[in-house]
Each structure stands twice: as C-alpha cells, then as structure tokens.
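Shown next, in structure tokens, is the structure this report addresses.
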Amino acid sequence: MDNSIPVGLGSVDWLSQLAPALGTPRAPGGSGSLWRSLFTLRACPSGAPSLHLLLSKAPPSGEAGRKPGRAILRPAPPPDRRRGREAMTPKPTGPLDGGWGWVVVAAGFAVNGLSYGVLRSLGLAFPDFAEYFDRNAQETAWVSALALAVQQAASPVGSALSTRWGARPVVMVGGVLTSLGFVFSAFAHSLLHLYLGLGVLAGSGWALVFAPALGTVSRYFSRRRVLAVGLALTGNGASSLLLAPALQLLLDNFGWRGALLLLGAVTLHLTPCGALLRPLALPGDPLAPPRSPLAALGLGLFRRRAFLVLTLGTALVGVGYFIPYVHLAPHALDRGLGGYGAALVVAAAAMGDIGARLLCGWLADQGWVPLPRLLTIFGALTGLGLLAVGLVPVVGNEDGWGGPLLAAAGAYGLSAGSYAPLVFCVLPELVGIGNVVQATGLVMLLLSLGGLLGPPLSGFLRDETGDFTASFLTCGSFVLSGSFIYLGLPKSLPSCRPASRPGTPPPEMGELLPVPQVALLSPGHPHSTLDTTC
C-alpha cells in the first residue's frame, strides 16, 4: 500500500526532525525491522514532478545498516506504458450541473429576455412607424425582419468569435452594439434609418450575445441540460409579459422615439450579463482554437446527416415561428381589440411560453421520450397553434377581451415554448458538447432564412387580403412542413427493437453518434474492459 505524503521541495530539512519521531519499532513477528524515510520523485497527474515522502517497512538486504531516518533519493518508477501520454495530461472537469451554472442560467435568462423578448414586443410600435413615415405594413415589417435575419445570419460569427476569444467579451461587446442601435433609431428621420439602427446595428449586437450565452448554458449542464436551457429561454416569455404592457405605456406617454431611447438603456444591461459567463473546460473541447475562419465557423458539421436534417427542418419552421413576434399584436388589433387588449394577447402567449419551457425541460430530462421525438411532436403542435390563431373570428368592439384569441395565443405559447429548448438541447447529442456553440450559431443561421422570409410574406399577404388570416395559415403550414422533416432524425420515430440498456443522461461526446470502442481500466484490476455501447 502506497502511503505517500506530498511535500514541497523545500521541506527536506525537516527530515531530521521527523526521523526521531519515527523511531525503530519492532515488527509483531519479533524480527527487528526499521522504518525508514524515503523521498521519491513521482509524476503527478498534471505532469509536473513532485516530492513524496514514503513510509515503508524493512529495507531489502544490504540496506539494513542504514541509520533510521536517513533520506534516500530514488527515481520514480516509469509511468504505465498502457496509458501513454494520457497519464501526464490534465483531465478537464465535466459539466457542473449546478453551482456557478445557475448564475450562467440567470445570465442566459436576461440575455434571452433582452433580445427575443424585446423583439417580440417591438411589434406594438409598428403602427406608429407606419403612421409617422406613411408606409404600409409590409415595409414596416422589414424592420423586425432585418433584425431577425442579421441576428441569426451573423450568429455563426458570434460563435466563431466566442470559440476564439471566449463568450464573456463577445457578449459584452454585443450588448453595447444593441444599445447603440436603439439609441440611433430613436433619432430616425426615415424608415431607412430604422432599417440600419434596429435591423443592422441592433441585430448585429444580438448576434453576438445569443449563441455564446446559450452555448455556455449547455456546457455547464449535462443531466439537467434541457431544464437549464428551458429556464434560460423563459427570459423570452417573461420579458414579453413585462415589456408588452410597459412598451404600450411608453408609446402612449413618450411616443415611439422616447420608447426606443429607453429601450436602448434597458438593452445595455446585456453587458454585465456577459461578464457572468465564466469559461469552463470540458473533455470534448478541442486542444487548440481553430486557426482558419471556416474551421471556426464549424461548417464541417454539415457533413453529418442528422445535423443537416435538423437545420433543414429548422429553416422551414423559422418561416412561421417568428410571425407572432411581429404580427400577433397587429393581428389582435385587426380582430377588433384595443391597444391594451392586444398587449394582453401577447402576454397570454408569453405566459404559455414560460410555463411550457419549464415543464418541457423537466419532462425531457427524465429520459422517458427521446429528444428528437419530442422536437417533432412540439414542432407540429406549434404549427397547429399558428393555424388556430389565424382562424380566430373578429371580436367586434375594442372593449372586449377577445377570449378565443387569448385561448389560441395561449395554446401557441405552450407549443412554441416547448419547442424552443428542444431544438438547442438536441445539438449535444448530434454533434457533441465540444461543437455545441458552433452548432448553435449555424442553427441560428438557418433560422435567419425563415426569419427573413416570414414577416415580409405575412405583411404582403395582409396587404393583399386585408387581414392576417392568410398570413398565419401560410406560416403555420411552413412549421408543419419543417416538423415533418424532423422525422428523419435518429430516434424521432418509435423503434421495434428492444432497448439494449436503460436510458442514461446525454453523454458529452454525442449520444446519437457512433461511439468507438474505448479501453476502460477497471479500478484495482490489471486488465481492461471494452465499452461497446453507442
């Protein structure tokens, strides 16, 4: 048994004080045996040599004449050749599943609320934009369409910068850009200024904050990953719940210019949120940051069939998923509700969104249903919710609360809130935890195609038909089509084969990818065993 006590290199001098305490006791067998002090240089797991003090029994023959307590310097035994260099390489820690991870979840909550939550509530200002600049609904819809497109199309850039420099500085810079975009738009004199301020500048800032923050949340959790991501994404619904009536109040009292200026001050809080994203080393991380820009963007992930299916389906879902962000409030106004009634409809969707993200996160972490199957189910329910919102009849007067529209908006919020965490939490199973930040940025890039097409298409259909019924029906069909493509993901359909082992939490190298055979050393056993599970 190795009873080694690590000591510093400068502590050799106290050997003379330790030797008398060791003494020369006799062994139970009666033969005289001396305890001796041995110093050996051994290789620590970190690869750096350290000095150890060994207490061992009687010395071999030829050394019995040594005085007790004499220091003997011996070289350390050679490292185990079976382990190679891995024995000298530091092993990074895995996800914490708690601790500082909950602070990161809180930062992700605020980041999501100050990005998508603000963007969802911004539709309340579109009638003021259209009236002030004398433009139609299709032209004003390009403000949010550009913001969504730039935010999602540039998300791989944010992921690449985060891979190179870390999430913390990238998110902080993104917060400053977002705030500047709102301040610039508050002084707009044409719709082009809003395109540049809210669409390009604020959209670029949002592109730098969302993917790095959400990817960092995924890296901090393993067993409770879906719940953690769901909690972070509830910032969207919570912010909409608070900002929708608050923004309407600001528009009534300060006009759209004052409202945008105050939103610029609010979005500046993205910067301290980025400061909370402490970096974390994981086993699946690359040994060195990528050197070429293409490698940093992670375009090689498209060679994986499962990831390609996911991005294609998500692009189609994105066409209709963001329509309520922009046109749910104007749709409520067209249905006969007043300003605060439309804000209540947006709040109902936000409340359903919040509850569904928490409930779906808990359900998915139980492992009862595979994540790709849940993604397909809730994607289809989101499409059906959009169809229900489009088919709601006219209320008739501005004093009504719009009960049917409230119910349809709440149903949409429940389904869309369940879908949102799943589309990001399935990524570690498809590409591995080391590529999750890059994969998040690429998924946002494909969502940008839908985000760029959906709102203008919805505005065009509204101008042609006079209401948003055709808009919601068309975009709901896109969401259903994307959910159908999700059926190509592994485990999206029930299998007739019996499970070979019980469900386990998602591993960090990709649960749905083939895992090579790895030699595992059993503790205390001279032989190794092969892990052949996939």
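The shown structure was predicted, so the numbers you read here are calculated from the model rather than taken from an experiment.
Under the side-chain hydrogen bond (donor to acceptor under 3.5 Å, both in side chains) criterion, Tyr486 pairs with Thr314, Tyr419, not counting sequence neighbours. In this structure, the side-chain contact (heavy atoms from CB on, under 4.5 Å) partners of Pro370, at least two apart in sequence or on a different chain, are Pro372, Arg373, Lys491. Partners of Ser471 under the side-chain hydrogen bond (donor to acceptor under 3.5 Å, both in side chains) rule, at least two apart in sequence or in another chain, are Ser458. Under the side-chain hydrogen bond (donor to acceptor under 3.5 Å, both in side chains) criterion, Gln248 pairs with Asp252, sequence neighbours left out. For Phe424, the ring-ring contact (aromatic ring centres under 6.0 Å, His included) test picks out Phe210, with sequence neighbours left out. With sequence neighbours left out, Leu194 forms a side-chain contact (heavy atoms from CB on, under 4.5 Å) with Phe129, Phe133, Val143, Ser185, Ala188, Leu191, Leu198, Trp256, Leu260. The side-chain contact (heavy atoms from CB on, under 4.5 Å) search around Ala167 returns Ser162, Pro212, Thr216, Leu277, not counting sequence neighbours. In this structure, Arg257 has no salt bridge (charged side-chain N to carboxylate O under 4.0 Å, His left out) partners at least two apart in sequence or on a different chain. Qualifying side-chain contact (heavy atoms from CB on, under 4.5 Å) partners for Pro330, counting only residues two or more places apart in sequence or in other chains: His327, Phe468. With sequence neighbours excluded, no residue satisfies side-chain hydrogen bond (donor to acceptor under 3.5 Å, both in side chains) with His331.
For residues 140-159, no residue pair satisfies the ring-ring contact (aromatic ring centres under 6.0 Å, His included) rule, not counting sequence neighbours.
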Without placing hydrogens or testing angles, list every side-chain donor-acceptor pair under 3.5 Å for residues 345-358, not counting sequence neighbours.
| unit_1 | atom_1 | unit_2 | atom_2 | d |
| --- | --- | --- | --- | --- |
| Asp353 | OD1 | Arg357 | NE | 2.5 |
| Asp353 | OD1 | Arg357 | NH2 | 3.2 |
| Asp353 | OD2 | Arg357 | NE | 3.4 |
| Asp353 | OD2 | Arg357 | NH2 | 3.0 |
| Arg357 | NH1 | Leu233 | O | 2.5 |

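Side-chain atoms of Arg225 come within 3.5 Å of backbone atoms of Ser218 as a donor-acceptor pair (strictly under, hydrogens ignored).
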